[in-house]
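Shown next, in structure tokens, is the structure this report addresses.
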Protein chains: 4
Amino acid sequence: MSPTKQKLLTTASKTFGKYGFYKTSMDEIAKSARKAKGSLYYHFNSKELLFREVVTSELDFLKQELTSIFDDHNADSRDIIRAYMIKRMMVMNISINYQETLRPEFYEFYEFLNDVILEMDEWEKKQITKILNQGVEKGELELPGEVAIYAEMLLIFLKGLETPLFLKGQYERLISNFDNLIGILTKGISKI
Amino acid sequence: MSPTKQKLLTTASKTFGKYGFYKTSMDEIAKSARKAKGSLYYHFNSKELLFREVVTSELDFLKQELTSIFDDHNADSRDIIRAYMIKRMMVMNISINYQETLRPEFYEFYEFLNDVILEMDEWEKKQITKILNQGVEKGELELPGEVAIYAEMLLIFLKGLETPLFLKGQYERLISNFDNLIGILTKGISKI
Amino acid sequence: MSPTKQKLLTTASKTFGKYGFYKTSMDEIAKSARKAKGSLYYHFNSKELLFREVVTSELDFLKQELTSIFDDHNADSRDIIRAYMIKRMMVMNISINYQETLRPEFYEFYEFLNDVILEMDEWEKKQITKILNQGVEKGELELPGEVAIYAEMLLIFLKGLETPLFLKGQYERLISNFDNLIGILTKGISKI
Amino acid sequence: MSPTKQKLLTTASKTFGKYGFYKTSMDEIAKSARKAKGSLYYHFNSKELLFREVVTSELDFLKQELTSIFDDHNADSRDIIRAYMIKRMMVMNISINYQETLRPEFYEFYEFLNDVILEMDEWEKKQITKILNQGVEKGELELPGEVAIYAEMLLIFLKGLETPLFLKGQYERLISNFDNLIGILTKGISKI
DNA sequence: AATGAATGAGAGTTCATTCAT
DNA sequence: AATGAATGAACTCTCATTCAT
């Protein structure tokens, strides 16, 4: 990727993150990057495509970050779950462009929305399922019925934590209660 | 409230719900309502204030709908929880403007947002806590520690269900698994 | 005149005076007067006609104020001229609505402009001519040629003093030099 | 300066001159210049800034025109004064936007106004003072006291001529009497 | 590959005016 | 005589996009 394109992508990501899709103008991005507006169109064709590229590259970053959890741990699967949940909260807190995609206004870009969210969800479900399966194999967890359902439930819970109430302001309070919450959540899962 | 204002508010709510705040133009609302654009400004002063009034009135509707649950039921508290969750999903599915306010990118409306979301969250926590307390009193639930924490957790879970993935497309599949999910969730809560 | 009309006229005068013709809205006047907007139209038919009535009534006030000079003085005609000039400066400083009429933007109301300004100018020329004639009769002034020309010249000078440079900020400095200026101006007129 | 910008500036100047600031719309300027409205904003950012640029460039033109007087004449200083006054009247008659800035109601532009008017006034005072001083040196004029006061007085007189009454309609009559007026004005100044 | 001048459709907003009550 | 809800034309300004260089 050319240095100009790289620079534009990075700047776009920052600016979209700060002001959101609609409040960010192509002009602003170009000026911030100290490039010409025409270059944006040369490399990305349209504002929407630029945003898509930003989101896509951000998702790759998210996955990378989350994957690192598994490499480090051979520990108790409940600890891995806990680590994943905390890491996710931190990472999502940073990656606002992904959240931007979730805005109801993005319903107009329905196909893209579905692509992006479904892909990310499937990926996460797969990761979580893997952890849960390992827990079952190791005899740490008991999951009658489909494991996928439990994974989905965990994911729903994690998504609930994305809402600003919890991310902003009440973050610390939540962390301190986090083990409690996970305890309750995993009580139904834990073997004894 | 004059019939014109009423009509404009209803139309605005529908249109914001369909296309979101930015993609909805004042002109569009006015035309949809078959009223003059000037009337919008006569009654609401600005697009932002119109949106706020829409959100506020929608939240009032949400509360009303959710409150009706308690009136109808003297049943098992687990059934009430279940009914609340399902009702909430249905209601939120309709009242899409509420989600609009959940996005942290809405910087301009920040103060308004905090007020509105915090109020709604507090209200919901109170309702859920009430249900849980009744369940404990009736000997149906067992909640060691603070009840408020359980209520908060349930709320997080409910908020996780709001994300577009579940509202659009996968709605039916989710409903069919809903009892499973609630079962797991309430297993940690249930007394035996 | 009804109390409502009176109230509206007074308020309109104040508001036009503060913000000028274009920056003042009918709504603002009505609200300031705590009357309904419809009442403005009932009494004055249009914004332009309201403004005309304001200017007309203000000119009547100006003339009244300036006339009072002659009643008080039987003194040296040069003193009367001086008193007139000072009084005029003070009075014009108050009556901004008349000045508003002089704005280039008012060229579109050409007929009204001509009516108002010509009338006021003629009136002033007549007053000044009267003073000058008295001065000549009393042997205090020497005016070869037409007296009207001298009157006109004095009027031009007085109009020059209306510009903001002199009215705003430099007012005091000007007053202190006023006698000097008048001295020069009247030197050509004075008999010896 | 690009041809487009140049064209827009010229057209804006003409249109503001004809209809004044408020009655001139950006749309009208753009259409008159056969350019896109967006181009106006690309080059001038706002209506106010466009107007400022128009006024500024017009003042530059005024100064240039007035300066030419001195280059041509080595004549009697009274003739130079006369030439200056006549030239000024003609030039001001063309450059109506200058008057626009003279109105105290232009509160929004106040700081800009002060700068522009004070600068122009100072410039004119300097020019007139220069003429007067030359007249004194050449022994043509007699000015007891400060020369600056005389210059200021002349300027006040010149400003008095700017009012619409004299610019419109009565222009010819005034010109025919002009020498008379100047005669009186300079009588107090002339050395015999 | 890169530029930035130029565009024009469409946005939010204002406001003099009308009219049923 | 007085009201204020309702109107719609006109306004300033924004911005994604195009294109000649």
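Numbered from 1 within each chain, the chains take letters A, B, ... in sequence-line order.
- Applying the salt bridge (charged side-chain N to carboxylate O under 4.0 Å, His left out) test to A:D115 and every residue at least two apart in sequence or in another chain returns nothing.
- Across the protein-nucleic acid pair, B:K23 atom NZ and F:dT14 atom P stand 18 Å apart, rounded to whole Å.
- The separation between B:R34 atom CZ and F:dG8 atom P is 13 Å, rounded to whole Å.
- Relative orientation of the D:F16 and D:F21 rings is parallel, given thresholds of 30° and 60° on the angle between their planes.
- Taken together, the paired segments of DNA chain F that extend over three or more consecutive Watson-Crick or G-U pairs, each closer than 3.5 Å at both contacts, are E:2-21 with F:2-21.
- Under 4.0 angstrom from either OP1 or OP2 of F:dA1 there lies no side-chain N or O belonging to C:T4.
- Residue contacts shown for A:S39 include a base, since a base heavy atom lies under 4.0 Å away.
- In this structure, A:K47 has no salt bridge (charged side-chain N to carboxylate O under 4.0 Å, His left out) partners at least two apart in sequence or on a different chain.
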Annotated protein contacts, base or backbone, on nucleotides 16-21 of chain E with a non-hydrogen cut-off under 4.0 Å, one of B, S, - each: BBB---

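- The salt bridge (charged side-chain N to carboxylate O under 4.0 Å, His left out) check on C:E119 picks up C:K63, with sequence neighbours excluded.
- Following rounding to the nearest Å, A:K7 (NZ) and E:dA1 (C1') show an atom-to-atom distance of 18 Å.
- Rounded to whole angstrom, the span from the CG atom of D:L40 across to the P atom of E:dG8 amounts to 13 Å.
- Across every non-hydrogen atom of B:S32 and B:T11, the tightest pair is CB-CG2, 3.4 Å.
- Across the interface with DNA chain E, nearest-nucleotide mapping of A:A36 and D:K5 shows A:A36 to be the residue nearer the 5′ end.
- The CD1-P distance, from B:I29 to E:dT13, rounds to 11 Å in whole Å.
- In this structure, A:K5 is positioned above the aromatic face of A:F44, its NZ or CZ under 6.0 Å from the six-membered ring centre and within 45° of the axis.
- Residues satisfying the salt bridge (charged side-chain N to carboxylate O under 4.0 Å, His left out) test with B:E28, not counting sequence neighbours, are none.
- At whole-Å resolution of the value, CE in B:M1 and C1' in F:dA6 are 17 Å apart.
- Distances shorter than 4.0 Å separate some side-chain N or O of B:H43 from OP1 or OP2 on F:dA6.
- Taking the ring axis of C:Y19 as reference, the NZ or CZ atom of C:K14 does not stay both within 45° of it and closer than 6.0 Å to the ring centre.
- Here the shortest heavy-atom pairing between A:L8 and A:A33 reads CD2-CB, 3.8 Å.
- In this structure, D:F51 atom CZ and F:dT12 atom C1' are separated by 16 Å, rounded to whole Å.
- Whole-Å rounding puts the D:F44 CZ to F:dT12 C1' distance at 16 Å.
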